[in-house]
Amino acid sequence: MAKQQQVIQAIRGMHDILPEQSPRWHWLEQHARQVLSAYGYQEIRLPILEKTELFKRSIGEVTDIVEKEMYTFDDRNGDSLTLRPEGTAGCLRACLEHGLLHNQAHRLWYYGAMFRHERPQKGRYRQFYQLGVETYGMAGPDVDAEMIQLTDRLWRKLGIREKVVLQLNSLGTCEERAVYRQRLVDYFKQHIELLDDDSKRRLHTNPLRILDSKNPDMQSMLQSAPVLLKHLGEESLRHFDDLKAMLDALGIDYELNTRLVRGLDYYGKTVFEWVTDDLGAQGTICAGGRYDGLIEQLGGRANHAIGFAMGMERILALIEQLPELSVPQSVDVYMIRVGEAAEKIGLLLGERIRDELEGVKLQVNCGGGSFKSQFKKADKSGAELAIIIGEDEALSGEVALKNLRVEQAQVNLNHDALLETLKHWAESR
Ligand code: ATP
Ligand code: MG
């Protein structure tokens, strides 16, 4: 007898999405696509692998992602490649490569798996899904407002608008940040004894990130730190004020978070996050900002860009907390067939139903079984209706139709009448 082999498991932090979970994913993805198309955004599909250099140059050498989270390896030619940890760099690379940024404006979105070698925990995985949105060629702040507006619409569609809060900040221009950075470093140096090791390390590499620290012992010192908003010039302030006025006009509330800096190097001016209290420490479901400077950094001509990405697992986790969830089932109608004649009739009837009722999800029982076992499968499928064909029905040319979810007498119908009934049922859903 062959030795029983051990089952190989998935990589830690990388999860399967099982069939019973996929209807929720589809539901979320469909809503997101609908909202994006309502604003005229177009999809761009990008490779999962890029040259390591791309991420180093765009995200920044001293960010968490590049320092310690990337899946980087040499391929068979000895080229250093990296599994994308985010989509902005690849999206911009593609647009530059294909000349999409010359005197053009673009509104784009992409969707897919991202990879970061982080410590796996609730809401933090090593493979996770992001829906990213990027626009190019628009100086804003009107398009900044549009991005926030479309996310606000999506949250309302998903039923989670009450659970999330918009946090807003402006990082100003590169020059304004440089002046501020020096002020901030001086301030931290005066309080060096209060900095933890992580922050001491960041003091010379990425001091703005220290503002982001969650360390409770540092909070009161951080509260009194110099505020970036106060170092912004006239143009940056006007951009920010105009954006806030547009959000006010749209009735979208926001919280000013002067310590919101974002993890990546390439942001400037508008930055925002949608956060919730209902997911523990991993409370940011969507984050983004303006990154005009990145285009030149990647070899393009000076231009404008703003984008954001949302974490799909975190959004789903929020949705799953809702008291009522109207996610469609994978199967609407289940056909039970007992006996050889019934199986033959069912085979053809199934095709007729699919011909005449597009959009109805019909599962036909395969593999035989008694009425009892087929009813069990019908129930488990989540179907609302069962079409039953036994030997009697096969002889009489009828079927029985039963509602599996509400107590109701089953009815016998000929095939034409069944089709009529199903059409009415489908229309009334
Ligand atoms: P965090 O502060 O949670 O680490 P981040 O600033 O690293 O987030 P971004 O790079 O801005 O995140 O990614 C945008 C969104 O993608 C996040 O707001 C979050 O919803 C999601 N996300 C980021 N990293 C992960 C991860 N490891 N697992 C699951 N979702 C993630
Ligand atoms: Mg992170």
Side-chain angles (χ1 to χ4, degrees), residues 10-17 25 28-29 32 54-55 58-60 62-71 82-92 109-134 147-148 151 154-155 158 160 163-169 171 198 202 206 208-215 257 259-268 270-291 294 305-320:
I11 297 164
R12 209 161 94 83
M14 301 200 176
H15 296 282
D16 304 302
I17 296 168
W25 282 82
L28 170 58
E29 289 157 5
L54 175 70
F55 299 115
S58 60
I59 299 172
V62 292
T63 53
D64 282 353
I65 293 182
V66 173
E67 273 184 343
K68 52 190 186 200
E69 295 175 359
M70 295 204 306
Y71 281 93
T82 295
L83 279 168
R84 61 180 183 194
E86 52 104 62
T88 301
C91 187
L92 191 47
W109 63 272
Y110 52 82
Y111 176 61
M114 305 293 157
F115 304 85
R116 296 184 195 177
H117 196 274
E118 304 197 69
R119 192 169 67 80
Q121 52 196 294
K122 188 171 163 272
R124 195 175 288 292
Y125 311 107
R126 289 180 171 174
Q127 172 172 336
F128 60 98
Y129 287 82
Q130 271 187 351
L131 191 140
V133 179
E134 317 284 353
M147 303 219 109
I148 290 170
T151 45
L154 179 60
W155 314 144
L158 300 175
I160 55 172
K163 289 169 164 279
V164 290
V165 171
L166 173 64
Q167 297 198 342
L168 204 59
N169 194 18
L171 301 182
D198 227 21
R202 286 190 169 135
N206 200 349
L208 268 65
R209 271 313 292 278
I210 300 176
L211 295 171
D212 226 10
S213 166
K214 306 283 182 296
N215 184 344
N257 178 355
R259 280 163 54 188
L260 183 69
V261 293
R262 311 280 308 115
L264 316 182
D265 269 359
Y266 52 56
Y267 289 105
T270 310
V271 286
F272 64 93
E273 290 195 358
W274 286 97
V275 296
T276 176
D277 286 333
D278 294 340
L279 293 177
Q282 273 58 252
T284 303
I285 62 163
C286 173
R290 186 161 275 283
Y291 56 92
L294 181 60
I306 177 165
F308 66 80
M310 52 182 95
M312 301 300 266
E313 286 85 355
R314 293 187 194 175
I315 295 173
L316 274 174
L318 256 195
I319 288 169
E320 278 160 14

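In listed order, ligands and their atoms are each counted from 1. Predicted, not measured: the structure shown is a model, and the values here were computed from it. If you read the sequence from its start, that first residue is 1, and numbering goes on from there.
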**Request:** Would you mind listing which atoms of ligand 1 come within a distance below 4.0 Å of any non-hydrogen atom of G123?
**Result:**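 Taking each heavy atom of G123 in turn, ligand 1 has 28 (N), 29 (C), 30 (N) under 4.0 Å.
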**Prompt:** In terms of atom number and element, which parts of ligand 1 are under 4.0 angstrom from non-hydrogen atoms of Q130?
**Reply:** 13 (O), 14 (C), 15 (C), 16 (O)
**Asked** Is the closest side-chain donor-acceptor distance between Y111 and E29 under 3.5 Å?
**Response**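 Yes - a donor-acceptor pair under 3.5 Å links their side chains.
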**Item:** Among V164, I315, T284, V165, the one residue meeting side-chain contact (heavy atoms from CB on, under 4.5 Å) with W274
**Value:** V164
Determine whether the side chain, the backbone, both or neither of [X] has a heavy atom under 4.0 Å from any heavy atom of ligand 1.
X	value
I285	backbone
E86	neither
R116	side chain

**Request:** Decide whether the shortest distance between a heavy atom of R262 and an atom of ligand 1 is less than 4.0 Å.
**Result:** yes
**Message:** Rounded to the nearest 0.5 Å, what separates atom CD in Q127 from atom NE2 in H15?
**Reply:** 9.5 Å
**Donor-acceptor under 3.5 Å (R314 side chain, I285 main chain)** =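 Side chain of R314 to backbone of I285, a donor-acceptor pair under 3.5 Å: no, none is there.
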**Message:** Geometry only, no angles: is R314 polar-contacting ligand 1 at N/O separations under 3.5 Å?
**Reply:** yes
**Item:** Taking every non-hydrogen atom, the tightest pair across E86 and R116
**Value:**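 Closest approach of E86 to R116: CB-NH2, 3.8 Å.
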**Request:** Starting from the C-alpha separation in whole Å, work towards a yes-or-no answer on salt bridge (Lys or Arg N to Asp or Glu O under 4.0 Å) for R262 and E273.
**Result:** CA-CA 9 Å; R262 311 280 308 115; E273 290 195 358; 2.9 Å; yes
